[in-house]
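Accompanying notes for the structure given below.
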Amino acid sequence: MMRNAVPGLVIAALLALPVAALGQDTDAPPQPDRNPARSGTLATETAETERPSLPGEATTVAWSDTAVAKAEAACKNLLTGLALDYETLPPIKEGLCGAPAPILVRSIGANPEVAIEPPATITCPLAAKLDAWLKDKVQLAAKASFDAPVVKIRNASSYICRNRYGDIDTKISEHALANALDIAEFELASGERITVLDSWPRTVVTEKPPAFADETTATVVKVKQTIALTPTVAASKPTANPFVPPKARSTGVKTNPFVAPISAPAEAALPLPPEAKPPAPAPSAEPRAVFLRAMHADACKMFGTVLGPDANAAHKDHFHFDMKARRHSSYCE
């Protein structure tokens with residue numbers, strides 16, 4: 001009995017195979033795994049991977065003894081003979097930031113001494129250039145404009161480990177190399193303070209009166225003009241004698257043919273309406289603005305980079321000076 005049942009079971013199983021296979025497509029690709037992005041895990045990991053690293057986040061490699069010794073020797077040569085109140089600092093190294101021989105400068109010059117408030121952490125080449133700029137340019141201009149020397153400058157920023165403008169995806173700043181100084185204010189011996197924010201000459205754009213409007217003001221002035229149209233008249237015989245001078249229309253007096261006619265007096269020019277008059281000339285430049293302009297222009301001849309309020313909004317309240325090496329000339333704005 002069992003022997004007869006076994007072949008029947010085998011045959012039934014073989015017959016059922018095609019039926020089960022009907023529900024499966026052996027050529028279809030496998031179902032994808034669950035997308036981890038739905039839970040936010042993948043997006044977070046991708047953002048962290050693609051985010052640019054800040055200069056301070058890079059691996060810190062200490063300055064070599066050779067690099068430190070070379071920088072200290074250069075400092076000694078540059079600062080010998082200069083009237084600087086400064087303190088030597090240990091080498092700074094934070095990721096990509098730092099300097100092998102930074103100094104903390106409290107004041108520059110003598111008679112007068114120019115205090116830096118707060119003291120600035122900078123490199124020796126920058127300190128030496130600041131000394132020359134203050135002595136040869138700033139003090140002379142201050143004496144000429146205000147009859148008083150500069151005795152203090154306000155340090156808005158010196159060494160700080162960051163990218164340009166503090167952004168994450170910009171190049172490393174010269175501030176991160178202790179190679180830059182931002183100056184926001186000059187204080188005179190008289191107590192007068194000259195700030196870049198308040199005294200830098202601003203460019204004021206004013207709208208021209210309608211009579212002077214053009215494409216630069218984006219103003220369209222419509223002018224209604226009346227044109228007298230002369231009707232076409234059929235040709236007729238001339239009424240004037242070509243051999244007799246015409247009579248003067250302005251008076252009833254006949255014209256003497258042997259005397260040159262007297263020309264009519266020129267009509268007086270009508271005055272322009274008040275709204276059409278050109279603007280009055282600008283008043284003389286304010287001494288503070290002239291002084292700051294001169295400081296900016298002189299700095300452009302001495303530093304690698306000079307930025308001021310005309311550069312962008314980030315520098316509306318200070319001058320940026322740095323010693324970045326450039327191929328041809330300084331970058332000045």
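Quantities reported herein were computed from a predicted structural model and do not represent experimental measurements.
- The line from CG of Asp182 to CZ of Arg154 is 11.0 Å long, rounded to the nearest 0.5 Å.
- Screening residues 92-129 for ring-ring contact (aromatic ring centres under 6.0 Å, His included) gives no qualifying pairs among residues at least two apart or on separate chains.
- Every salt bridge (Lys or Arg N to Asp or Glu O under 4.0 Å) that Arg288 has, sequence neighbours left out, goes to Glu192.
- A 4.5 Å side-chain heavy-atom check between Pro309 and His318 finds every atom pair outside the cut-off.
- Side-chain contact between Lys301 and Trp133 is absent, with no heavy atoms from C-beta onward closer than 4.5 Å.
- Within the structure, the side chain to side chain donor-acceptor pair (under 3.5 Å) test picks out no pair touching residues 63-73 (sequence neighbours left out).
- Although no hydrogens or angles enter the test, the distance criterion places no donor-acceptor pair under 3.5 Å between the side chain of Asn77 and the main chain of Thr80.
- A pairwise comparison of heavy atoms in Cys124 and Leu79 identifies SG-CD1, 3.7 Å as the closest pair.
- Linking ILVMFWY side-chain heavy atoms closer than 4.5 Å, directly or via other members, places Val196 and Leu134 in a single hydrophobic cluster.
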* **Candidate pair Ser173 and Asn163, rule side chain to side chain contact (heavy atoms under 4.5 Å, CB included), full reasoning** => CA-CA 5 Å; Ser173 170; Asn163 286 335; 5.7 Å; no

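- Put simply, Leu82 and Val138 are part of the same group of oily side chains (I, L, V, M, F, W, Y) that touch within less than 4.5 Å, one to the next.
- Between atom CG of residue Asn155 and atom OG of residue Ser157 there is a gap of 6.5 Å, rounded to the nearest 0.5 Å.
- The CZ atom of Arg193 lies 12.5 Å from the OG atom of Ser199; values are rounded to the nearest 0.5 Å.
- Sequence neighbours left out, the pairs with a member in residues 121-131 that pass side chain to side chain donor-acceptor pair (under 3.5 Å) are Thr123-Asn179.
- Across all their heavy atoms, Ala178 and Leu126 have their closest contact at O-CD2, 4.4 Å.
- Nearest heavy atoms, Ala180 versus Ile122: O-CG2, 3.9 Å.
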Side-chain donor-acceptor pairs under 3.5 Å in residues 92-118, sequence neighbours left out?
from, atom 1, to, atom 2, distance (Å)
Glu94, OE2, Tyr159, OH, 2.5
Arg106, NH2, Glu87, OE1, 2.8
Ser107, OG, Glu113, OE2, 2.6
Glu117, OE1, Lys152, NZ, 3.3

* **Test log, rule side chain to side chain contact (heavy atoms under 4.5 Å, CB included), inputs Ile194 and Leu188** => CA-CA 8 Å; Ile194 305 169; Leu188 305 177; 4.2 Å; yes

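- Taken from CZ in Arg164 to OG1 in Thr170, the straight-line distance is 7.5 Å, to the nearest 0.5 Å.
- At a threshold of 4.5 Å between side-chain heavy atoms, the hydrophobic network of Ile, Leu, Val, Met, Phe, Trp and Tyr places Leu177 and Phe321 in two separate groups.
- A salt bridge links Arg293 with Asp310: the closest approach of a Lys/Arg side-chain nitrogen to an acidic carboxylate oxygen falls below 4.0 angstrom.
- Separation of atoms CG (Leu292) and CD (Glu286) is listed at 9.0 Å; rounding is to 0.5 Å.
- The closest side-chain heavy-atom distance from Trp200 to Thr195 is not below 4.5 Å.
- Listed by first and then second residue, the ring-ring contact (aromatic ring centres under 6.0 Å, His included) pairs involving residues 168-188 are His175-His320, Phe186-Phe291 (not counting sequence neighbours).
- Within the 4.5 Å cutoff, the side chain of Phe319 has no heavy atoms near those of the Leu181 side chain.
- At most 12 heavy atoms of other shown residues, nucleotides or ligands fall within 6.0 angstrom of atom OH in Tyr331.
- The only option from Glu333, Glu174, Arg326 that meets the side chain to side chain donor-acceptor pair (under 3.5 Å) definition with Thr305 turns out to be Arg326.
- Taking every heavy atom of both residues into account, Ile172 and Pro55 meet most closely at CD1-CB, 3.8 Å.
- Taking hydrophobic clusters as Ile, Leu, Val, Met, Phe, Trp and Tyr residues chained together by side-chain heavy-atom distances below 4.5 Å, Met302 shares a cluster with Leu130.
- Here the shortest heavy-atom pairing between Ile153 and Ile183 reads CD1-CD1, 3.9 Å.
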